[in-house]
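Input: a single structure, listed below in structure tokens.
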Amino acid sequence: LISLNGLSRVPDLSEQFHALVKTDVEINDLLPLVPLATTVSADRSRVSLHRVDSTLTTSWLVPYSGANVLLPNRDAILAMLQAAFAS
């Protein structure tokens with residue numbers, strides 16, 4: 001938001017977000033976090049990326065529908081979260 005002059009676009013971005021994501025988080029809940037966003041964006045070394053990807057899941061074919069889904073490997077995800085919060 002900071003780098004894209006997003007602060008002036010918060011209402012529009014919030015509207016777009018709510019069109020894509022079901023949440024009870026309102027814009028008034030987000031505005032108090034703007035100072036934190038400014039602080040974090042000033043020091044990118046304090047930000048790290050952790051994600052649940054295919055290495056932390058098992059592919060499974062649903063027998064009755066044929067849908068291919070990813071089942072979480074809970075132990076691997078827990079280990080990733082513990083490492084993330086320890087750093």
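Remember, predicted model here, so these are calculated numbers, not experimental data. Count residues from 1 along the sequence.
Not counting sequence neighbours, the partners of Asp75 by the side chain to side chain contact (heavy atoms under 4.5 Å, CB included) test are Asn73.
Tracing side-chain contacts under 4.5 Å through hydrophobic residues (I, L, V, M, F, W, Y), one reaches Trp60 starting from Tyr64; they form part of the same cluster. Under a hydrophobic clustering in which Ile, Leu, Val, Met, Phe, Trp and Tyr are joined whenever their side-chain heavy atoms come within less than 4.5 Å, directly or via other members, Phe85 and Val52 fall into the same cluster.
Shown here for Pro72 and Ile77, the closest heavy-atom pair between the two residues is CB-CD1, 3.6 Å.
Counting heavy atoms from C-beta on, the side chains of Thr58 and Leu70 never come closer than 4.5 Å. Counting only heavy atoms from C-beta outward, the side chains of Leu71 and Thr57 never approach each other to under 4.5 Å. Side chains of Leu56 and Met80 form a contact here, defined as non-hydrogen atoms less than 4.5 Å apart.
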Please report, to 0.1 Å, the donor-acceptor pairs under 3.5 Å made by any side chain of residues 19-36, with sequence neighbours excluded.
unit_1: Thr23; atom_1: OG1; unit_2: Val25; atom_2: N; d: 3.0
unit_1: Asp29; atom_1: OD2; unit_2: Glu26; atom_2: N; d: 2.8

